[in-house]
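Notes to accompany the following structure.
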Amino acid sequence: MKTDQNIALPGSENSKLTEEELIEQTFQELLNDYLGTKHRKKVDLITKAFNFANQAHKGIKRQSGEPYIMHPLEVAKIVCNEIGLGSTSICSALLHDVVEDTDYTIEDIENLFGPKIAQIVDGLTKISGGIFGDKASAQAENFKKLLLTMSSDIRVILIKIADRLHNMRTLGSLAPNKQYKIAGETLYIYAPLANRLGLNKIKTELENLSFKYEHPEEYQEIQDKLDATAAAREEVFNNFTAPIRTQLDKMGVKYRILARIKSVYSIWNKMQTKHVPFEEIYDLLAVRIIFEPRYPDEELNDCFDIYVSVSRIYKPHPDRLRDWVSHPKANGYQALHVTLMSTNGQWIEVQIRSERMNEVAEQGFAAHWKYKEGGGSEDEGELEKWLSTIKEILDDPQPDAMDFLDTIKLNLFASEIFVFTPKGEIKTMPQNSTALDFAFSLHTDIGRHCIGAKVNHKLVPLSHKLQSGDQVEILTSKSQRVQPQWEVFATTARARAKIAAILRKERKTHLKQGEKIYSEFLKKEEIDPDTVHIDKLVKLHNFKNREELLVGIGNKTITLGEVDKNELKERQGTNWKKYLTFSFGGGNKDTKPKEEEKEAAAQEKINTKKILKLTEDSLQKRYTMADCCHPIPGDDVLGYLDEKDRVIIHKRQCPVAVKLKSSFGNRIIATSWDTHKSLSFPVYISVKGIDSIGLLNEITQVISRQLNVNIRKLSMESVDGIFEGNIQLSVHDVEDVKQVCNNLLKIKNVKSVTRVEK
């Protein structure tokens with residue numbers, strides 16, 4: 001490494017530092033940040049960890065060209081400043097890549113820094129070898145290891161989130177396919193994790209950065225519109241808060257009022273789910289009142305006093321009071337949310353929270369949980385419950401990587417409802433929980449034997465969705481067994497994991513029984529135990545594969561009899577000859593058509609590191625458009641190289657693609673369109689508006705005659721003067737769709753036109 005190399009510091013135009021000066025300056029910034037916290041001042045330990053890591057990574061560069069040690073330093077700064085952790089976590093952050101990227105071992109770390117830091121570093125070190133098997137994704141395996149360590153020390157996942165945040169901040173130096181993989185993984189796993197641990201600020205930044213790299217044009221478009229409307233929003237904010245400030249001053253409250261602007265990703269997400277343009281997003285602005293309690297034990301009362309005061313100034317929305325003060329969210333979030341009608345006729349949400357609540361909302365209560373002076377907190381129970389659920393899932397993991405990630409994800413995204421047991425005990429459940437979920441939350445045995453429930457003293461089925469405030473009594477029967485359809489009824493990670501585990505165990509039993517019954521049947525009928533025979537029965541009974549057939553035999557879904565005997569004996573001679581030929585290596589080896597061989601050879605040469613050009617020829621012969629999202633030229637897309645070496649083209653925001661990026665990132669290919677309006681693709685658009693005579697004719701005229709676009713399907717429905725139409729068009733690219741939508745919006749009485757998925 002050249003120690004005299006000059007590097008320009010971020011934000012400074014003229015000053016240049018050598019690499020060593022830059023490293024030393026960044027470390028001093030970290031120490032100064034740490035000394036400004038309330039933690040015990042273990043400067044010597046942090047300095048020792050930095051010196052060790054700096055020496056271990058000496059001479060190694062990141063993709064961006066900067067010294068590698070800058071990454072652990074920046075992660076340590078995030079851990080200290082943005083999450084609020086202490087010396088153990090800062091040291092672990094500094095050391096987190098040493099074992100993975102150098103010759104040092106976990107034993108070396110333990111000898112130098114003790115078992116606790118070694119355990120955390122081990123949890124952060126990527127694994128080799130499979131948990132899910134050979135076909136599994138390395139991402140899912142590493143994520144599982146991370147969660148295993150996290151369940152004994154929450155700091156592991158907090159440091160990993162800091163690591164991911166710095167990687168996202170510096171993602172521009174990587175190749176596009178790596179950017180899509182990391183951005184997709186971040187949006188699918190790490191942003192929900194940050195949210196679940198109360199790291200709201202970090203969650204928002206992770207979402208925005210992921211969106212920025214996956215959809216750069218749309219990101220910039222929304223950002224430009226936010227910038228263009230900023231002055232108008234500021235005026236609304238000042239006018240709205242002026243009387244509130246006057247009232248709070250009269251009350252003698254020490255406070256500050258902030259404007260909270262909806263994030264770019266949240267705006268885009270709402271535009272997609274609600275099928276509305278930017279101009280119809282009305283909750284861009286929210287107001288946050290952050291106050292100092294007049295007395296330590298009056299925090300809750302002060303929240304409601306402020307709520308009463310602002311409700312006298314502006315009319316509150318009757319259905320939009322959210323009391324997260326009396327009942328905190330499972331991630332520790334506390335605040336009072338009220339939506340008020342401003343003088344300009346706009347609903348504005350006001351969030352009322354104390355300084356303590358605000359700190360928890362920004363940094364997450366996990367940081368305050370066990371590792372700050374003073375021990376645990378009243379929120380400890382909720383975090384413990386969540387961690388115990390994670391442990392249960394890890395104790396009996398899904399065999400498939402995608403299922404495993406889905407199961408964990410169920411637990412990350414859920415909002416909470418509050419339900420009561422027959423004795424009046426309050427239970428926190430994820431939103432959309434069913435009676436079946438509630439049964440499994442009480443005990444696995446109650447879940448596996450439940451036959452129904454009484455909700456508010458009325459009998460309901462297991463699939464019944466619970467509401468906040470419901471009183472729930474579970475009815476059980478010893479003769480009841482877990483049914484396969486229960487996996488559809490269950491919505492919580494715990495219930496799904498338990499049901500899947502029970503069904504897998506029963507399936508193994510049925511498989512063994514099926515093998516035994518099948519073997520005895522062949523022996524009795526004097527039929528050879530030949531794989532060709534079992535394949536005939538699979539086809540005869542319409543099963544997917546041999547295992548499904550044997551399970552069906554084992555659980556008595558089918559009974560082997562005369563029909564099966566006739567099927568096997570009738571064709572035994574022919575099959576025997578085929579089997580003999582195969583066994584002795586006979587048959588023509590060159591049976592594969594030459595074209596197929598050429599195509600297979602071509603597909604093998606696909607380089608996932610290079611950008612794939614989607615040409616007219618390749619789309620017709622080699623690549624497949626995904627049925628789940630129907631991408632067309634102009635969409636932000638990526639390629640997925642499946643197990644048969646076929647390239648499937650997905651939209652980047654397609655839910656299936658999001659999972660693939662998280663679970664099989666090494667198979668993701670960056671792609672670009674090169675079709676030049678030569679091919680046609682199907683798209684669906686939704687048209688809504690006020691019904692009038694001749695409107696359908698106007699719509700078809702614009703599409704077919706003015707724009708020369710082919711209509712493949714059309715359905716219209718009018719209810720009480722409002723019409724809604726769904727039209728399938730054949731277009732060349734996204735520009736065609738935009739042109740159709742813009743021209744249709746010019747028709748009088750057409751109020752919205754959006755592209756939708758079918």
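Numbers here simply count residues along the sequence, with the first being 1. Since we're looking at a predicted model, the values are computed, not measured.
Between Arg322 and Glu349 there is no salt bridge, since no side-chain nitrogen of the basic residue lies less than 4.0 Å from a carboxylate oxygen of the acidic one. Between Lys651 and Asp636 no salt bridge is recorded (no basic side-chain N to carboxylate O distance below 4.0 Å). Comment: Glu20 engages Lys58 in a salt bridge, judged by a side-chain N to carboxylate O separation of less than 4.0 angstrom. A salt bridge between Glu82 and Arg169 is present, with a side-chain N of the basic residue lying under 4.0 Å from a carboxylate O of the acidic one. Salt bridge Arg652/Asp635: absent, no basic N to carboxylate O contact under 4.0 Å. Contact check on Glu205 versus Lys201 returns no salt bridge, with no Lys/Arg side-chain nitrogen under 4.0 Å from an Asp/Glu carboxylate oxygen.
Among Leu45, Ile120, Ile159, the single residue meeting the side-chain contact (heavy atoms from CB on, under 4.5 Å) criterion with Thr88 is Ile120. When the options Val79, Leu85, Asp163, Ile78 are evaluated for a side-chain contact (heavy atoms from CB on, under 4.5 Å) with Leu158, the one that passes is Leu85. Among Lys274, Arg233, Arg260, Lys262, the one residue that satisfies the salt bridge (charged side-chain N to carboxylate O under 4.0 Å, His left out) test with Asp283 is Lys262.
Residues Ser173 and Arg62 have side chains that never bring a donor and an acceptor to within less than 3.5 angstrom of each other. Counting only N and O atoms by type, the side chains of Gln223 and Asp227 include a donor and acceptor under 3.5 Å apart.
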### Task
Apply side-chain hydrogen bond (donor to acceptor under 3.5 Å, both in side chains) to the pair Gln220 and Asp224, showing each step before the final yes or no.
CA-CA 6 Å; Gln220 198 54 51; Asp224 291 344; 3.0 Å; yes

### Task
Run the numbers on Arg164 and Thr186 for side-chain hydrogen bond (donor to acceptor under 3.5 Å, both in side chains), then give the verdict.
CA-CA 8 Å; Arg164 178 52 58 117; Thr186 300; 3.0 Å; yes

### Message
Set out, in order, the CA-CA distance, both residues' side-chain angles and the distance that settles side-chain hydrogen bond (donor to acceptor under 3.5 Å, both in side chains) for Thr105 and Asp108, then state yes or no.
### Response
CA-CA 5 Å; Thr105 64; Asp108 296 329; 3.2 Å; yes

### Message
Run the side-chain contact (heavy atoms from CB on, under 4.5 Å) test on Gln334 and Val360 for me, step by step, so that the C-alpha distance in whole Å, both residues' side-chain angles and the decisive distance to 0.1 Å come before the verdict.
### Response
CA-CA 8 Å; Gln334 279 185 289; Val360 170; over 6 Å; no

### Task
Show your working on side-chain contact (heavy atoms from CB on, under 4.5 Å) between His57 and His71 and close with a plain yes or no.
CA-CA 10 Å; His57 293 301; His71 169 64; over 6 Å; no

### Task
Output, in order, the C-alpha distance, side-chain angles, deciding distance and verdict of side-chain contact (heavy atoms from CB on, under 4.5 Å) for Leu30 and Ile90.
CA-CA 9 Å; Leu30 170 64; Ile90 292 169; 4.1 Å; yes

### Message
Run Gln25 and Glu21 through side-chain hydrogen bond (donor to acceptor under 3.5 Å, both in side chains) and show every step you take.
### Response
CA-CA 6 Å; Gln25 179 170 312; Glu21 286 171 339; over 6 Å; no

### Message
Please evaluate residues Ile69 and Phe27 with respect to the criterion side-chain contact (heavy atoms from CB on, under 4.5 Å), reporting the C-alpha separation (whole Å), side-chain torsions for both, the decisive distance (0.1 Å), and the verdict.
### Response
CA-CA 10 Å; Ile69 188 63; Phe27 176 60; over 6 Å; no

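Contact detail for Ala657 and His650: the closest heavy-atom pair is CB-CB, 3.7 Å. Here the closest non-hydrogen pair linking Ala49 and Leu95 is O-CD2, 3.7 Å. When all heavy atoms of Met271 and Phe278 are compared, the pair lying nearest together is CE-N, 3.8 Å. Here the closest heavy-atom approach between residue Glu214 and residue Ala183 is recorded as CG-CB, 3.8 Å. Among all heavy-atom pairs drawn from Tyr219 and Val264, the shortest one is CD1-CG1, 3.6 Å.
Panel note: side chain Asn51, backbone Thr47; a donor-acceptor pair is recorded below 3.5 Å. Side-chain atoms of Asn54 never come within 3.5 Å of backbone atoms of Phe50 as a donor-acceptor pair (strictly under, hydrogens ignored). Between the side chain of Arg667 and the backbone N or O of Asp642, at least one donor-acceptor pair lies under 3.5 Å. Remark: the backbone N or O of Leu660 is not paired with any side-chain donor or acceptor of Tyr640 at under 3.5 angstrom. In this structure, Gln351 contributes its side chain and Ile289 its backbone to no donor-acceptor pair below 3.5 Å. Using modelled atom types, one side-chain atom of Thr671 and one backbone atom of Val637 make a donor-acceptor pair closer than 3.5 Å. The backbone N or O of Lys160 sits nowhere less than 3.5 Å from a side-chain atom of Tyr190 that would complete a donor-acceptor pair. In this structure, Thr37 contributes its side chain and Asp33 its backbone to no donor-acceptor pair below 3.5 Å. With Asn208 contributing its side chain and Tyr265 its backbone, the two residues share a donor-acceptor pair below 3.5 Å.
Annotation: side chain of Thr26 is in contact with side chain of Glu74 (closest heavy-atom distance under 4.5 Å).
The distance between the ring centers of His215 and Phe211 falls below 6.0 angstrom. Ring-centre distance between Tyr104 and Phe52: below the 6.0 Å cut-off.
In this structure, CD1 in Ile669 is found 5.5 Å from CG in Leu612, a value given to the nearest 0.5 Å. In this structure, Ser266 OG and Glu207 CD are separated by 5.5 Å, a value rounded to the nearest 0.5 Å. Separating the CG atom in Leu112 from the CD atom in Glu107 is a distance of 12.0 Å, to the nearest 0.5 Å.
For Ala361, the side chain to side chain contact (heavy atoms under 4.5 Å, CB included) partners are Tyr333, Arg353, not counting sequence neighbours.
Both tests do not hold together for Lys61 against Tyr68: distance to the six-membered ring centre under 6.0 Å, angle to the ring axis within 45°.
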